[in-house]
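Heads up, the thing below is written out as structure tokens.
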There are 2 protein chains.
Amino acid sequence: MLSYTEENYLKAIYHLSGSGTKAVLTSEIAETMNTRAASVTDMIKKLSAKNMISYEKYYGVKITRQGKAEALMVVRKHRLWETFLVQKLHFSWDEVHDVAEQLEHIQSALLIEKLDEFLEFPTVDPHGHPIPDKTGKFVEVRQIPLSDCSGKKKITIRAVRNGSPSFLQYLSKIGVYIGATVAILEKIEFDGSLEIMIDGKKKVFISREASQNLLVTE
Amino acid sequence: MLSYTEENYLKAIYHLSGSGTKAVLTSEIAETMNTRAASVTDMIKKLSAKNMISYEKYYGVKITRQGKAEALMVVRKHRLWETFLVQKLHFSWDEVHDVAEQLEHIQSALLIEKLDEFLEFPTVDPHGHPIPDKTGKFVEVRQIPLSDCSGKKKITIRAVRNGSPSFLQYLSKIGVYIGATVAILEKIEFDGSLEIMIDGKKKVFISREASQNLLVTE
DNA sequence: ATAAAAGTTTAGGGTTATCTAAAAAATTTT
DNA sequence: AAAATTTTTTAGATAACCCTAAACTTTTAT
Ligand SMILES: [Mn+2]
Ligand SMILES: [Mn+2]
Ligand SMILES: [Mn+2]
Ligand SMILES: [Mn+2]
């Protein structure tokens, strides 16, 4: 059984490790958790003692199989709650993250199973991120940043890489949403910005930075 | 801003004080919170410093206007979540309390307003308890224990006084629910138990203890 | 009216999660 | 290869919440 704080650290480590593929440094954890390195070292020892991570002094941590499973359950809860907030309570996609940060720590296996069923077993959250099933599995669709796309193929917006409220609000404002169809009309040499057509009816320019934060399939 | 623990203490004090009408003793709080009197004294000082309660050493605490308002918001959240769990996620009424104990501490005014709307502004929770509105007001219906009823009037079950899972499961088993109509067929002198008719079709005997924990209107 | 009992507070600690400052180790620069 | 810099760990504190044991106050019983 993990505490609220331990769950948050473990989730951060999971994300920073690229779903458990690489080691994570103390300073990276401190950065994302908004804490000091000394606090991270303390927590690392606790998570290590609980076999959630393996820890080599001065060389960062690796998440264990067990730690990954726990992290995935927190991610599952976070994304199911975000889906609930948008689909049932009509939150906008920029309002849900902070509330889900709290809701993801509610302890009740029954609750999360019933919520999943109520939402009809969604596979992605409002930001296009995959929702792990109760065994921790999820479908991984190969997605690439819009900035890496070329030509005039038909492109579908699948997910946002950065979920900050300001980016999400901006996307809503210009008419970009998960599932939208876009075509690249022109790539501006000067600054890497793109002129795109959204759903075949709206032309807009978006910055390179914005295009790097939109994940798409061609 | 109150902590998770402060909210729980304040809610307990509110309930123990009879909605703020009488003083509450340290020992009573310790009893319901499953803590020691010494811990209660510590918390009393904190809540007192935050003007949630007024405190006279050795003579217990009284909840302030502000404290009552805060407590009512926690009660509102608790009961709205219980209603959600039963009506939308199809929990049974004996499964919701522990989960609601966690959910009641989620901090988001928007969430609770949207949840209220989603549930179509319910006035009572699954146990028949009134749900305060966003200003803290709720309808108080005069209810009496079934054990205090006499004669063969038409009686409606309005609420349970004791919400323990075992009592609720027992009620479901014998067919008693909020809104059910009952009639008293006979009061057994020997032990105060009652023979009742539920919804005009099912006769059962219930103990005095059970009848004292059913609140009804005649 | 006193003594005993019951209830409450204070004193002194323990745990978790955080911090700053100092020490230690690794990495980068010269 | 040293020196300088960066990163990490350790040491020592603090705040919130809880505990036991002892001291103090109120209530009850004799
Ligand atoms: Mn999120
Ligand atoms: Mn998301
Ligand atoms: Mn309840
Ligand atoms: Mn209830």
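Hydrogens, waters and symmetry mates play no part in the numbers below; they use all other heavy atoms, side chains included. Values in this document were obtained by computation on a predicted structure and should not be read as measured data. Order of the sequence lines sets the chain letters (A, B, ...), proteins ahead of strands, with each chain counted from 1.
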A/Asp125 and A/His78: CA distance, side-chain angles, deciding distance, side-chain hydrogen bond (donor to acceptor under 3.5 Å, both in side chains) verdict: CA-CA 9 Å; A/Asp125 82 1; A/His78 183 100; 5.9 Å; no

Phosphate OP1/OP2 of C/dT9: any B/Thr41 side-chain N/O under 4.0 Å: yes

Whether B/Phe118 and A/Phe84 hold their rings parallel, tilted or perpendicular, with breakpoints at 30° and 60°: perpendicular

Atom-pair distance (CG on B/Asp42; P on C/dT10), nearest Å: 9 Å

Atom-pair distance (CE on A/Met43; C1' on D/dT8), nearest Å: 17 Å

Side-chain touch B/Ile112/B/Lys134, heavy atoms, less than 4.5 angstrom: no

Short side-chain N/O contact from B/Thr26 to OP1 or OP2 of C/dT9, under 4.0 Å: yes

Phosphate OP1/OP2 of C/dT10: any B/Tyr58 side-chain N/O under 4.0 Å: no

Separation of atom OH in B/Tyr9 from atom C1' in D/dA16, rounded to whole Å: 11 Å

A/Ser27 vs D/dT8: side-chain N/O to OP1/OP2 distance below 4.0 Å: yes

Sugar-phosphate, base or nothing in reach of A/Ser39, heavy atoms under 4.0 Å: base

Over all atoms of both residues, closest heavy-atom pair of A/Ile63 and A/Leu10: CD1-CD1, 4.0 Å

Length of the CD1-P vector between A/Ile44 and D/dT7, whole Å: 15 Å

N/O (side chain, B/Tyr59) to phosphate O (OP1/OP2, C/dT9) under 4.0 Å: no

C/dA24 phosphate, OP1 or OP2, under 4.0 Å from A/Lys57 side-chain N/O: no

A/Lys45 NZ to D/dT8 P, straight-line distance once rounded to whole Å: 14 Å

Contact under 4.0 Å: A/Arg36 side-chain N or O vs C/dT18 OP1/OP2: no

Under 4.0 angstrom between A/Thr35 side-chain N/O and C/dT18 OP1 or OP2: no

Atom pair distance, as rounded to whole Å: CD in A/Glu6 and P in C/dT18: 10 Å

B/Tyr4 OH - C/dT16 P separation (whole Å): 18 Å

Validation row: A/Tyr9, A/Met52 side chains within 4.5 angstrom (heavy atoms): no

Atom-to-atom span, CD of B/Glu56 to P of C/dT9 - whole angstrom: 11 Å

